[in-house]
Protein chains: 2
Amino acid sequence: MERILLLLGLLRQHATHGYELTAFVEGAMSACVDLKKPTAYFLLDKMAASGWVMVQETREGNRPPRKTYSLTTSGEAEFQRLLRINLAAFSLPKLSNDIGIAFVDAIDKAEALALLQTRREHLLTQMNQTQHAPQHAGSLQLLIEHQQYVLNSELAWLDTVILRMSQVAT
Amino acid sequence: MERILLLLGLLRQHATHGYELTAFVEGAMSACVDLKKPTAYFLLDKMAASGWVMVQETREGNRPPRKTYSLTTSGEAEFQRLLRINLAAFSLPKLSNDIGIAFVDAIDKAEALALLQTRREHLLTQMNQTQHAPQHAGSLQLLIEHQQYVLNSELAWLDTVILRMSQVAT
DNA sequence: GTGACAATAGTCAATATTGATTAATCAGCA
DNA sequence: TGCTGATTAATCAATATTGACTATTGTCAC
């Protein structure tokens with residue numbers, strides 16, 4: 001559902017073709033959303049079938065022919081509907097990727113601490129990358145700020161875990 | 001990959017059947033992991049095919065017959081391997097579910113603020129639920145603590161967004 | 001002893017997702 | 001002109017995921 005909201009929102013800013021859309025999402029937005037090219041095309045098809053977007057074969061300059069997608073009136077309505085649902089509902093991202101911390105005690109304490117240090121460095125690297133990321137227009141920028149905020153608080157949490165682990169008796 | 005780590009980790013604590021596994025994951029752990037019953041069975045099959053778990057038809061008491069899964073030696077090895085990878089790598093949960101904030105400015109400010117207030121209440125409800133959740137054993141408890149920590153920082157962030165929005169001129 | 005209801009255990013058809021690959025066009029150069 | 005590699009644009013086969021459903025066993029009132 002969120003992916004459709006994203007696509008509708010982007011097409012709302014300006015009609016465009018699949019390639020530009022997916023390049024933007026997999027490029028500039030790759031840090032905050034997970035939406036691969038084939039999924040995007042799959043969803044665009046669905047959206048077309050639902051009448052939310054219009055497809056048009058176009059040929060700009062000497063580029064290969066493209067399918068250009070543009071929002072219809074009912075697409076705008078659906079966007080407004082989904083946006084309200086999305087803003088009003090809070091749902092925690094499922095932390096399945098952090099699942100390892102549930103099993104740290106399966107590893108010798110010294111090695112576990114070393115692994116967590118590596119983790120910490122990865123986190124710092126990501127913080128750096130995000131800080132040097134290109135600025136986005138309007139409230140898209142909020143996404144980036146949120147991400148930086150989350151990275152900061154993840155770092156703080158990781159540090160308390162590391163601290164606790166190194167203090168507790170083996 | 002993380003889901004397999006989770007299943008291996010749980011089976012490592014004690015061998016059990018699909019029903020108990022999925023009931024636990026979809027019940028007590030539902031707040032922090034997203035793994036539905038059919039996916040769990042699908043993965044258990046794969047794990048059996050890879051030789052990481054052994055399947056055994058059992059019949060305890062008068063209950064319907066079950067397939068009991070237990071970790072093999074190579075399953076334990078795989079668990080250790082995946083655990084190290086998971087602990088050492090940090091990856092941000094993709095915030096696709098927060099995507100709406102990227103489009104707040106498509107909505108009239110007053111309504112947007114009202115929606116965000118609703119969002120805030122949902123968040124508070126979740127915090128309450130998590131605080132009254134049953135305690136987990138060992139480092140599984142860390143997952144819960146992490147979740148509470150994340151909820152707290154999400155609340156703080158949401159409040160800054162609301163504050164900023166209500167101050168900025170329309 | 002049997003019919004209704006709950007609990008237990010799992011499956012399946014439909015849908016979503018992705019890594020790998022294909023297809024069309026262009027720019028430059030021999 | 002014809003060939004090579006780069007860019008643009010999209011698709012496909014394989015895999016993962018899930019909502020809805022099925023099937024088995026127990027239990028308890030009647």
Side-chain angles (χ1 to χ4, degrees), chain A residues 1-8 10-11 14-30 33-50 52-53 55-70 82 91 93-94 96-97 99, chain B residues 1-8 10-11 14-30 33-50 52-53 55-70 82 91 93-94 96-97 99:
Chain A
M1 209 89 278
E2 292 81 17
R3 287 136 124 105
I4 292 201
L5 175 58
L6 173 63
L7 291 176
L8 289 173
L10 291 178
L11 285 176
H14 71 279
T16 185
H17 50 99
Y19 185 73
E20 191 186 312
L21 259 185
T22 57
F24 180 68
V25 172
E26 283 193 302
M29 302 194 69
S30 68
V33 294
D34 192 15
L35 173 58
K36 305 292 163 54
K37 219 180 314 182
T39 310
Y41 280 106
F42 173 77
L43 292 176
L44 285 170
D45 275 357
K46 263 198 22 173
M47 287 155 66
S50 304
W52 300 331
V53 296
V55 195
Q56 225 183 335
E57 294 266 344
T58 57
R59 186 82 191 279
E60 269 174 59
N62 288 334
R63 307 280 80 236
R66 306 153 162 176
K67 286 182 196 159
T68 294
Y69 300 88
S70 57
L82 291 178
S91 89
K94 302 292 181 151
S96 328
N97 37 356
I99 204 69
Chain B
M1 207 88 283
E2 291 80 17
R3 288 136 123 105
I4 293 201
L5 176 58
L6 172 63
L7 290 176
L8 289 173
L10 291 177
L11 285 176
H14 70 279
T16 185
H17 51 100
Y19 185 73
E20 191 185 314
L21 260 184
T22 58
F24 181 68
V25 171
E26 283 192 302
M29 301 194 70
S30 69
V33 294
D34 192 17
L35 173 58
K36 306 291 164 55
K37 219 181 317 181
T39 311
Y41 280 106
F42 173 77
L43 292 177
L44 284 170
D45 275 357
K46 264 197 23 173
M47 287 155 65
S50 302
W52 299 331
V53 295
V55 196
Q56 226 182 333
E57 293 268 344
T58 57
R59 186 82 191 281
E60 268 174 57
N62 288 336
R63 305 278 82 236
R66 305 154 163 176
K67 285 183 196 158
T68 294
Y69 300 87
S70 57
L82 291 178
S91 89
K94 302 293 180 153
S96 326
N97 37 357
I99 203 69

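Per chain, numbering begins at 1; letters A, B, ... match sequence-line order.
For DNA chain C, the residues of residues 35-45 of chain B within the heavy-atom distance limit of 4.0 Å (strictly under) are Lys37(B), Pro38(B), Tyr41(B), sorted by number.
Side-chain contact, Gln56(B) with His17(B): no donor N or O sits under 3.5 Å from an acceptor N or O.
Checking Val55(B), Leu11(B), Thr39(B), Ile4(B) one by one against Leu44(B), the side chain to side chain contact (heavy atoms under 4.5 Å, CB included) holds for a single residue, Leu11(B).
Between the NZ atom of Lys67(B) and the C1' atom of dT24(D) there is a distance of 14 Å, given to the nearest Å. Rounding to whole angstrom units, OH of residue Tyr69(B) and P of dA9(C) are separated by 12 Å. Lys94(B) has its NZ atom 10 Å from the P atom of dT18(C), to the nearest Å. A straight line from CG of Leu7(A) to P of dT17(C) spans 11 Å, rounded to a whole angstrom. A straight line from CG of Asp34(A) to P of dA16(D) spans 16 Å, rounded to a whole angstrom. Regarding Glu26(B), its CD atom lies at a distance of 13 Å from the C1' atom of dA9(C), rounded to whole Å. Across the protein-nucleic acid pair, Tyr19(A) atom OH and dA6(D) atom C1' stand 11 Å apart, rounded to whole Å.
For Lys46(B) and dA16(D), the shortest distance from a side-chain N or O to OP1 or OP2 is below 4.0 Å. In this structure, His17(B) reaches the dA9(C) phosphate: one of its side-chain N or O atoms is under 4.0 Å from OP1 or OP2. The phosphate of dT17(C) (OP1 or OP2) has a side-chain N or O of Arg3(A) nearer than 4.0 angstrom.
Side-chain atoms of Thr22(B) come within 3.5 Å of backbone atoms of Gly18(B) as a donor-acceptor pair (strictly under, hydrogens ignored). Side-chain atoms of Arg3(A) come within 3.5 Å of backbone atoms of Asp34(A) as a donor-acceptor pair (strictly under, hydrogens ignored).
Nearest approach of Leu82(B) to Leu8(B), heavy atoms of both residues: CD1-CD1, 4.1 Å.
For Phe42(A), there are no ring-ring contact (aromatic ring centres under 6.0 Å, His included) partners, not counting sequence neighbours.
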